[in-house]
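What follows is a short report on a single structure.
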Protein chains: 2
Amino acid sequence: MKVTYWSDFACPYCYVGETRLHKAIESLGLADDVEVEMKAFELYPDAPREVQGTTLDRFARKYRLTRAAARQRIDSISAMGRAEGIDFNYATTRNTNMFDAHRLTKLAHEQGNTRFEELCFHAYFVDNEVMSDHAVLRRLAKQAGLPEADVERVLSSDEYADAVRADEREAHSMGVNAVPFFVVDGKYTISGAQPIEEMTRVLTNARDAALAEDTTEGGACGPEGCAI
Amino acid sequence: MKVTYWSDFACPYCYVGETRLHKAIESLGLADDVEVEMKAFELYPDAPREVQGTTLDRFARKYRLTRAAARQRIDSISAMGRAEGIDFNYATTRNTNMFDAHRLTKLAHEQGNTRFEELCFHAYFVDNEVMSDHAVLRRLAKQAGLPEADVERVLSSDEYADAVRADEREAHSMGVNAVPFFVVDGKYTISGAQPIEEMTRVLTNARDAALAEDTTEGGACGPEGCAI
């Protein structure tokens, strides 16, 4: 089985959603049977590389709230993350550009490494790292076990820029305008950080369909012919 | 609202599915509110440009059936099309390469023209035209109202080849391996030529979600911020 999902490191619900997805997969005993691929969807593609402030600053400004009111709003999101066991510090995240983190995620994916993306989420939401900082990215890449030479090559070039943009065009062309957005086996979708029960339900459906000889209810044709 | 769907002119269920989709859209009075975009998914990308035989020939050979048994199988598919009011002649379709028809569909789409793809389906399944034949494609393009100069430019070059291949990569990367496959508003999917009632149900869900202030059940973030 395969789960493709569009996501951004700047998106708190993406971290929550990814965590729930993995819990749902584990609870079904499907950890070895499901390949999970993250695709890029930058919420703020134009964000500068220099940190402009924290999410608390941004919320207060954007919604014209007192800092106390802004914090309350943000904390309701952090609480969702904490409920999943993540030491979520959303208010103090340092807003910046995520493009290079996405490019390195492509490198990681090519090497079958999903650890890097998890470390990125953790670095941003728990440790409030500056994710556009190459020193930070180098450290996370090393921790994830990505070969240093590859990482340097990517960071000193625009390698994988096209792949990141292609993910975003793909989402746009399907009308996806919010993340996380999950596609399971190219047939089922999960929109947003749904509860684990809902994710489990969708994964179970997909597993059962994959086990059945005819995986579609409606008539469909594949390279091997049409189901009649 | 937007419906994106992967499809091939060689796919009988795609023609049936597209017809049902349009009926479902009309029955809901949504004809002016839904943009439908076809994406390419060639079932037989390696099919030669010269016709090798009919679908009846192919079925008899592939499934080692007598021609009578092959015809019976095929007729059950044709019957689905006929039930939708299409004068379906699947048995006598002339198998060939659909790449250029897909490239011209891209040109049509750029011009906001969806008539061309409908004429292609009709030409193949009802009139049993040879869809790789440029004379046939020119005629259909003219009938659809595509500018002659544009059509000639596309047919005498490899224009839109990348766009067709990109559609197919996109489907592949999501694990879509059978068509038709519909994505509604980037959130809901319809796999195969589902009954009109099912399509109506999904479109209704999508419409209601589009009307609701918060379009997602799970938490999600978009460029404008995160739904809390």
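Treat the numbers as computed from the prediction; the structure is a model and nothing was measured. These values consider heavy atoms only, across backbone and side chains, with no hydrogens, waters or symmetry-generated copies.
Every residue meeting the ring-ring contact (aromatic ring centres under 6.0 Å, His included) condition with Tyr90(A), not counting sequence neighbours, appears here in chain and number order: Phe125(A). Residues passing the salt bridge (charged side-chain N to carboxylate O under 4.0 Å, His left out) test with Arg71(A): none are found, sequence neighbours excluded. With sequence neighbours left out, Asp158(B) forms a salt bridge (charged side-chain N to carboxylate O under 4.0 Å, His left out) with no residue at all.
Contact of the Glu37(A) side chain with the Val183(A) side chain is not registered, since no non-hydrogen atoms from C-beta on lie closer than 4.5 Å. Contact of the Asp8(A) side chain with the Met98(A) side chain is registered, since non-hydrogen atoms from C-beta on lie closer than 4.5 Å. Contact of the Phe9(A) side chain with the His102(A) side chain is registered, since non-hydrogen atoms from C-beta on lie closer than 4.5 Å.
If you take CE on Met38(A) and OG on Ser7(A), they are separated by 4.0 Å, rounding to the nearest 0.5 Å.
Contact count against chain A (heavy-atom pairs under 4.5 Å) is highest for Ser173(B) among Gly17(B), Ser173(B), Ala10(B). Taking Lys62(A), Arg58(A), Met80(A) one by one and counting their heavy-atom pairs under 4.5 Å with chain B, the maximum is reached by Lys62(A). In terms of non-hydrogen atom pairs under 4.5 Å with chain A, the most contact-rich of Val184(B), Val3(B), Ile190(B), Thr4(B) is Thr4(B).
Within the 4.5 angstrom heavy-atom criterion, atoms from both the backbone and the side chain of Pro12(A) approach chain B. Proximity to chain A (any heavy atom under 4.5 Å) is shown, for Pro45(B), by neither the backbone nor the side chain. Both the backbone and the side chain of Val179(A) come within contact range of chain B, each with at least one heavy atom under 4.5 Å from a heavy atom of that chain.
Contact check on Arg94(B) versus Glu129(B) returns no salt bridge, with no Lys/Arg side-chain nitrogen under 4.0 Å from an Asp/Glu carboxylate oxygen.
Among the residues in residues 159-170 of chain A, those with a non-hydrogen atom closer than 4.5 angstrom to a non-hydrogen atom of chain B are Glu170(A).
A cation-pi arrangement is absent between Arg73(B) and Phe59(B), since the terminal nitrogen or guanidinium carbon is not both under 6.0 Å from the aromatic centre and inside a 45° cone about the axis.
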